[in-house]
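Reviewing the structure listed below.
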Amino acid sequence: MNAEADQLDAPRLTQDERRTARRQAILDAAEALFLEYGYPSVSLSTIVQRSGGSLATIYQMFGNKQGLLRAVVDRSNDESLKDLDTLLASGLPPRRILEEFAIRYLAFATAPRKIAVMRLVIMESLNDPDFGAAFDNDMQMKYVAHIATLFENWNARGLARIDRPQQAAELYLAILLCNLPIRFMLGRPAEKPSREDTLWRLSGFLDRFGMKDEAGA
């Protein structure tokens with residue numbers, strides 16, 4: 001069968017699928033260029049040249065270059081939260097879910113590529129406080145709100161005793177990260193904690209809110 005026949009037989013993408021593919025191509029190009037040349041040095045026209053499409057498409061999907069940077073970070077956060085959703089579907093008890101997610105999230109948050117993107121975000125936030133405020137809100141909605149809702153659900157089912165779900169979600173993430181992201185972003189050598197050390201740091205939090213291990217569940 002020739003190439004032309006293959007193309008005729010291949011399923012055609014729907015409009016939504018084409019839009020999703022175009023969005024991913026733009027984000028891929030933007031992230032690569034931001035990391036290679038620095039956020040201030042990259043123009044939207046350069047991103048279009050690498051990804052294809054048009055400036056009109058970028059403005060329609062992301063609003064402006066800052067919106068594009070926020071979307072780059074947002075995409076990686078979505079990938080991280082998929083790990084949490086996978087763990088929730090596994091049937092593990094709450095304590096085990098939070099322990100396993102801690103290991104995965106810590107690896108995600110301290111990966112070189114993630115640290116490099118976060119440096120760009122911090123630099124832009126210093127130049128534009130409104131951007132920093134919007135980014136902080138994005139993070140609150142992505143991680144803190146997601147985990148707080150989970151805590152509320154566990155409370156309702158009698159699986160935990162968390163009196164302040166919102167504050168508890170913030171504390172959980174703070175315990176995980178501690179000062180590691182700051183050290184990485186400053187370029188200081190920092191050894192990631194072992195699995196044993198991470199679980200030790202979490203143990204007091206999990207005990208405080210009544211999350212038992214499997215033996216005591």
Side-chain angles (χ1 to χ4, degrees), residues 31 35 70 72-123 125 132 135-217:
E31 182 175 349
L35 293 177
R70 287 172 62 187
V72 165
V73 178
D74 199 47
R75 180 175 64 165
S76 68
N77 291 341
D78 285 341
E79 290 298 319
S80 173
L81 285 172
K82 286 180 182 178
D83 284 336
L84 181 56
D85 292 335
T86 299
L87 289 167
L88 287 172
S90 69
L92 290 170
R95 188 183 189 101
R96 288 287 306 283
I97 289 173
L98 292 181
E99 288 176 342
E100 292 304 318
F101 180 68
I103 303 301
R104 301 182 189 189
Y105 178 74
L106 194 57
F108 157 77
T110 57
R113 194 173 187 88
K114 179 67 174 179
I115 295 296
V117 171
M118 290 305 298
R119 286 195 184 107
L120 300 178
V121 169
I122 290 173
M123 291 176 60
S125 298
F135 176 79
D136 180 61
N137 184 67
D138 290 345
M139 293 298 291
Q140 290 288 324
M141 292 301 295
K142 278 292 174 183
Y143 280 100
V144 176
H146 194 92
I147 296 173
T149 299
L150 176 60
F151 287 171
E152 291 171 357
N153 178 268
W154 285 344
N155 279 341
R157 294 166 57 196
L159 299 175
R161 301 187 304 274
I162 305 175
D163 51 338
R164 299 180 182 181
Q166 178 82 11
Q167 290 91 331
E170 293 175 350
L171 179 59
Y172 171 73
L173 294 172
I175 290 171
L176 294 186
L177 295 177
C178 193
N179 66 339
L180 278 177
I182 297 297
R183 296 191 69 187
F184 274 87
M185 281 186 278
L186 291 174
R188 295 185 60 194
E191 184 177 345
K192 296 180 184 179
S194 66
R195 178 186 181 89
E196 180 182 358
D197 289 341
T198 300
L199 298 186
W200 177 86
R201 286 197 299 181
L202 273 181
S203 60
F205 174 92
L206 299 174
D207 292 342
R208 164 68 176 80
F209 294 116
M211 298 184 192
K212 301 177 180 179
D213 58 23
E214 288 182 285

Handout entry: Polar side-chain atom of Tyr172 near backbone of Leu98 as donor-acceptor pair, under 3.5 Å
Key = yes

Exercise for the section: Please lay out, stage by stage, how Lys142 and Asp74 fare under the test side-chain contact (heavy atoms from CB on, under 4.5 Å). Expected result: CA-CA 8 Å; Lys142 278 292 174 183; Asp74 199 47; 2.7 Å; yes

Fill in the blank from the handout: Glu99 meets the side-chain contact (heavy atoms from CB on, under 4.5 Å) criterion, sequence neighbours left out, with Arg95, Arg96, Leu199, Leu206

Fill in the blank from the handout: Separation between CE (Met141) and CG (Asn137), nearest 0.5 Å, reads 6.5 Å

Completion exercise
Value for CZ (Arg119) from CE (Met123), rounded to nearest 0.5 Å, stands at 10.5 Å

Exercise for the section: Please check if atom CZ in Arg164 has more than 12 non-hydrogen atoms from other residues, nucleotides or ligands closer than 6.0 Å. Expected result: no

Problem - Nearest-0.5 Å distance that lies between atom OG1 in Thr198 and atom CD1 in Ile175 - result: 11.5 Å

Exercise for the section: On the 0 to 90° scale, with breaks at 30° and 60°, tag the Phe205-Phe209 ring pair as parallel, tilted or perpendicular. Expected result: perpendicular

Problem - Contact summary for Ile162 and Ala168, nearest pair of heavy atoms - result: CG2-CB, 3.5 Å

Practice task
Only counting residues at least two apart or in another chain, list the ones meeting side-chain contact (heavy atoms from CB on, under 4.5 Å) with Glu170.
Solution key: Gln140, Val144, Gln166

Completion exercise
So CG of Leu202 and CE of Met211: to nearest 0.5 Å the spacing works out to 10.0 Å

Problem - 4.5 Å side-chain heavy-atom contact, Ile97 and Leu84 - result: yes

Completion exercise
Value for OG (Ser80) from NE2 (His146), rounded to nearest 0.5 Å, stands at 9.5 Å

Problem - side-chain contact (heavy atoms from CB on, under 4.5 Å) between Asp138 and Val73, intermediate numbers included - result: CA-CA 9 Å; Asp138 290 345; Val73 178; over 6 Å; no

Problem - Nearest heavy-atom neighbours spanning Ser125 and Gly132 - result: OG-CA, 3.3 Å

Practice task
Can you run down the side chain to side chain donor-acceptor pair (under 3.5 Å) pairs that involve residues 148-158, sequence neighbours left out, and say none if there aren't any?
Solution key: Asn153-Arg157

Problem - With sequence neighbours excluded, residues passing salt bridge (Lys or Arg N to Asp or Glu O under 4.0 Å) with Arg195 - result: Glu100

Exercise for the section: Could you pull out all residues at least two apart from Met139 that satisfy side-chain contact (heavy atoms from CB on, under 4.5 Å)? Expected result: Asn77, Phe135, Tyr143

Practice task
Answer yes or no: is there a side-chain heavy-atom contact under 4.5 Å between Arg201 and Leu176?
Solution key: no

Exercise for the section: Please test Ser76 against Lys114 for side-chain contact (heavy atoms from CB on, under 4.5 Å), starting from the C-alpha separation and ending with a verdict. Expected result: CA-CA 8 Å; Ser76 68; Lys114 179 67 174 179; 3.3 Å; yes

Handout entry: Residues which pass side-chain contact (heavy atoms from CB on, under 4.5 Å) with Ser194, listed by chain and number, not counting sequence neighbours
Key = Glu196, Asp197

Practice task
Calculate, to the nearest 0.5 Å, the distance between atoms CG and CD1 belonging to Leu173 and Ile147 respectively.
Solution key: 4.0 Å

